[in-house]
Amino acid sequence: MKAQIKPRINLEGRTPLQDVIPLTTPYVLFVDPVNTCNFQCTFCPTGDRDLIKSTGRWQGRLDFDVYRKVIDDLGEFDQPLKVLRLYKEGEPLLHTRFADMVAYAKQSGHVQYIDTTTNGYLLTPEKVAPIVDAGIDRINISVDGMSSEQFWTFTKTRVDFDRFVDNIARLYDRKGDCEICIKIPGDILSEDDRQRFFDTFGDIADRVFIENFAPCWPTFDIEERTGIEITEGIYGNAIHEVSVCPYIFYSMAVNTDGSVSLCFLDWARKLDVGNVKTQSVRDIWLGEAMNAHRIAHLEGRRKENPTCGDCGQLSHCLPDNIDAHAPQLLTRLQRRINKAA
């Protein structure tokens with residue numbers, strides 16, 4: 001097998017956040033090209049189209065001019081963005097100008113690394129070629145079944161599994177420097193399926209990994225919707241409580257309507273901190289709304305916010321923990337706020 005058995009999130013060599021917070025430039029910016037999806041997965045809020053309609057969330061694609069402003073705004077920071085993540089809630093390859101998005105960010109000089117996560121359905125050779133040529137650094141592919149029947153069960157979408165695999169093989173053959181990472185939720189697999197996953201994708205990917213379902217979406221009960229009991233973390237890690245969310249100290253998320261969410265898991269739009277149509281990305285990152293949330297977390301008040309309080313990402317998926325450093329980080333953050341005032 002050519003691929004490493006390794007999760008898509010790099011768990012080793014991470015920067016100790018307590019040494020760098022508060023950051024004047026975020027490490028990661030999520031930008032959502034499309035907030036709709038061609039799949040209707042039972043374990044994802046976007047897959048429940050009636051649920052999304054009930055939130056009043058705007059449905060559509062990110063305007064390319066707004067996207068260009070976001071990338072141009074990054075030039076106001078004192079250093080380049082480490083990672084641009086071109087995904088959040090929908091299937092990013094539904095955006096007709098996805099390759100142009102990659103190219104524009106690459107050519108800007110403001111971004112060091114670009115990745116995306118896709119369900120893989122649209123990874124046809126015709127679609128893939130411009131994206132790879134634009135210089136994307138990694139494509140994460142979420143596999144939602146090891147047969148056409150399993151795909152239907154969990155995504156309510158007719159997928160020709162053999163063609164799906166063939167498209168990924170073709171992508172791997174012409175990927176260039178792009179890293180291909182393939183993951184699957186192990187909760188839906190039999191023991192035979194697990195081995196077949198490695199046998200099928202191990203030679204057409206750089207990384208493969210079997211994850212677990214995690215209750216990462218606030219106020220969205222994955223166990224109830226899938227009927228699968230969750231007993232351990234996404235990577236087989238122990239489940240444990242965390243007081244301070246580290247993500248809000250190094251990342252934020254631009255939605256398709258231009259609004260900005262505190263968190264990439266804000267599917268119901270409960271954590272609004274600004275809008276890139278009327279504000280610069282830098283002003284939002286360093287702004288009052290972001291800092292109010294950071295202070296609340298550092299003061300131990302995370303659960304006062306029902307969305308943050310119900311977040312399973314912190315208990316099941318967390319690679320960083322800054323709880324022990326909260327008092328000193330609070331002092332540093334308040335000092336920076338006072339200096340900027």
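All values below come from the heavy atoms of this structure, side chains included, with hydrogens, waters and symmetry mates left out.
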> Does the pair Y87 and F30 meet the rule for a ring-ring contact (aromatic ring centres under 6.0 Å, His included), with working shown?
Replying inline: CA-CA 6 Å; Y87 66 93; F30 289 82; 5.7 Å; yes
>> Rounded to the nearest 0.5 Å, what separates atom SG in C37 from atom OH in Y121?
In response: 11.5 Å
> Under 4.5 Å between any side-chain heavy atoms of P215 and E223, yes or no?
Replying inline: no
> Under the 3.5 angstrom rule, does the side chain of T331 hit a backbone N or O of P327 as a donor-acceptor pair?
Replying inline: yes
>> Test your reading of the model: is there a side-chain donor-acceptor pair from H110 to the backbone of A105, 3.5 Å cut-off?
In response: no
> Taking the side chain from K106 and the backbone from I136, do they hold a donor-acceptor pair closer than 3.5 Å?
Replying inline: no
> Mind checking what makes side chain to side chain donor-acceptor pair (under 3.5 Å) contact with K69, not counting sequence neighbours?
Replying inline: D73
> Hey, what do you get for CZ (R194) to CG (D199), rounding to the nearest 0.5 Å?
Replying inline: 14.0 Å
>> D115 vs R85, test: salt bridge (charged side-chain N to carboxylate O under 4.0 Å, His left out). Steps then yes/no.
In response: CA-CA 5 Å; D115 67 17; R85 299 225 141 104; 3.0 Å; yes
>> Could you check, using the six-membered ring where one of them is a Trp, whether F154 and F39 have ring centers closer than 6.0 angstrom?
In response: no
>> I'd like to know if the side chain of D173 reaches the main chain of L171, judged simply by a donor and an acceptor atom lying under 3.5 Å from each other, with no hydrogens or angles considered.
In response: no
>> Between N212 (side chain only) and G233 (backbone N and O only), is there a donor and an acceptor less than 3.5 Å apart?
In response: yes
> Is K88 salt-bridged to D266, going by a charged N under 4.0 Å from an acidic O?
Replying inline: no
>> Ignoring hydrogens and geometry beyond distance, is a side-chain donor-acceptor pair present between T278 and N275 at under 3.5 Å?
In response: no
>> Could you report the tightest heavy-atom contact between G274 and Q279, atom names first, then the distance?
In response: CA-OE1, 3.2 Å
> Do the two ring centres, one from F264 and one from Y247, sit under 6.0 Å apart?
Replying inline: yes
> Without hydrogens or angle criteria, can the side chains of D78 and T25 be said to hold a donor-acceptor pair below 3.5 Å?
Replying inline: yes
> Are the side chains of K82 and Y113 in touch, meaning some heavy atoms are under 4.5 Å apart?
Replying inline: no
> Within a reach of under 6.0 Å around CG of D177, are more than 12 heavy atoms found that belong to other residues, nucleotides or ligands?
Replying inline: no
>> Within the supplied structure, the quantity of interest is the number of heavy atoms (other residues, nucleotides, ligands) at a distance under 6.0 Å from K127 NZ; does it exceed 12?
In response: yes
> Can you list the steps and then say if K277 with D65 is a salt bridge (charged side-chain N to carboxylate O under 4.0 Å, His left out)?
Replying inline: CA-CA 10 Å; K277 292 180 179 179; D65 287 338; over 6 Å; no
> Under 4.5 Å between any side-chain heavy atoms of L189 and I184, yes or no?
Replying inline: yes
>> Could you report the tightest heavy-atom contact between D320 and P246, atom names first, then the distance?
In response: O-CG, 3.7 Å
> Is the backbone N or O of I52 less than 3.5 Å from a side-chain atom of T55, with the two atoms forming a donor-acceptor pair by type?
Replying inline: yes
>> Given 3.5 Å as the limit, does a donor-acceptor pair link the side chain of R332 with the main chain of Q18, or not?
In response: yes
> What class does the angle between the rings of Y250 and Y27 fall in, given that below 30° is parallel, 30 to 60° is tilted and above 60° is perpendicular?
Replying inline: tilted
> Under 4.0 Å between a Lys/Arg side-chain N and an Asp/Glu carboxylate O for K303 and E241?
Replying inline: yes
> So, S261 and N255: side-chain donor and acceptor under 3.5 Å apart, yes or no?
Replying inline: yes
>> Let me confirm one number: the CG-NE2 distance from D323 to H297, rounded to the nearest 0.5 Å.
In response: 11.0 Å
>> Using every non-hydrogen atom in the two residues, find where L265 and C311 come nearest and quote the distance to one decimal.
In response: CD1-SG, 4.2 Å
>> Which residues pass the side chain to side chain donor-acceptor pair (under 3.5 Å) test with N119, not counting sequence neighbours?
In response: N38, E91
>> Measuring only between side-chain heavy atoms, which start at C-beta, is Y67 closer than 4.5 Å to V276?
In response: no
>> One thing to verify: whether R269 and E89 come together as a salt bridge, which I'm taking to mean a side-chain N less than 4.0 angstrom from a carboxylate O.
In response: yes
> Counting N and O atoms only, with roles assigned by atom type, does the side chain of N35 sit under 3.5 Å from a partner on the main chain of T256, one being a donor and the other an acceptor?
Replying inline: no
>> Using side-chain heavy atoms (C-beta onward) and a distance below 4.5 Å, is R336 in contact with L286?
In response: yes
> Closest heavy-atom contact between I210 and G186?
Replying inline: CG2-CA, 3.3 Å
>> Ring-plane angle category for F161 and F164, please: parallel below 30°, perpendicular beyond 60°, tilted otherwise.
In response: parallel
> Can you name the closest pair of heavy atoms from P125 and R170 and give their distance?
Replying inline: CG-CD, 3.6 Å
>> Quiz question: by atom type and distance under 3.5 Å, do the side chains of D192 and S190 form a donor-acceptor pair?
In response: no
>> Could you check whether R138 pairs with D206 (Lys NZ or Arg NE/NH1/NH2 to Asp/Glu carboxylate O, under 4.0 Å)?
In response: no
> Taking the side chain from D144 and the backbone from T155, do they hold a donor-acceptor pair closer than 3.5 Å?
Replying inline: no
>> Between the side chains of K6 and E12, is the shortest nitrogen-to-carboxylate-oxygen separation below 4.0 Å, so that they form an ion pair?
In response: yes
> Counting heavy atoms not belonging to R225, are there more than 12 under 6.0 Å from its CZ?
Replying inline: yes
> Which atoms form the tightest heavy-atom contact between R302 and V242, and what is the distance?
Replying inline: NH2-O, 2.6 Å
> Would you say E76 has more than 12 foreign heavy atoms packed within less than 6.0 Å of its CD?
Replying inline: yes
>> A cation-pi test, strictly: NZ or CZ of R158 under 6.0 Å from the centre of the six-membered ring of W152 and no more than 45 degrees from its axis. Yes or no?
In response: yes
>> Could you tell me if Q334 and N291 have a donor-acceptor pair between their side chains, going purely by distance under 3.5 Å?
In response: no
>> Donor-acceptor pair, distance only, cut-off 3.5 Å: does the side chain of N140 make one with the backbone of T116?
In response: yes
> Would F43 and F220 satisfy ring-ring contact (aromatic ring centres under 6.0 Å, His included), going step by step from the backbone distance to the final call?
Replying inline: CA-CA 9 Å; F43 44 83; F220 184 85; 9.1 Å; no
> Is there a salt bridge (charged side-chain N to carboxylate O under 4.0 Å, His left out) between R57 and D257 once you walk through the steps?
Replying inline: CA-CA 9 Å; R57 190 177 92 184; D257 61 354; over 6 Å; no
> Considering residues, nucleotides and ligands other than R163, do more than 12 of their heavy atoms fall under 6.0 Å from its CZ?
Replying inline: no
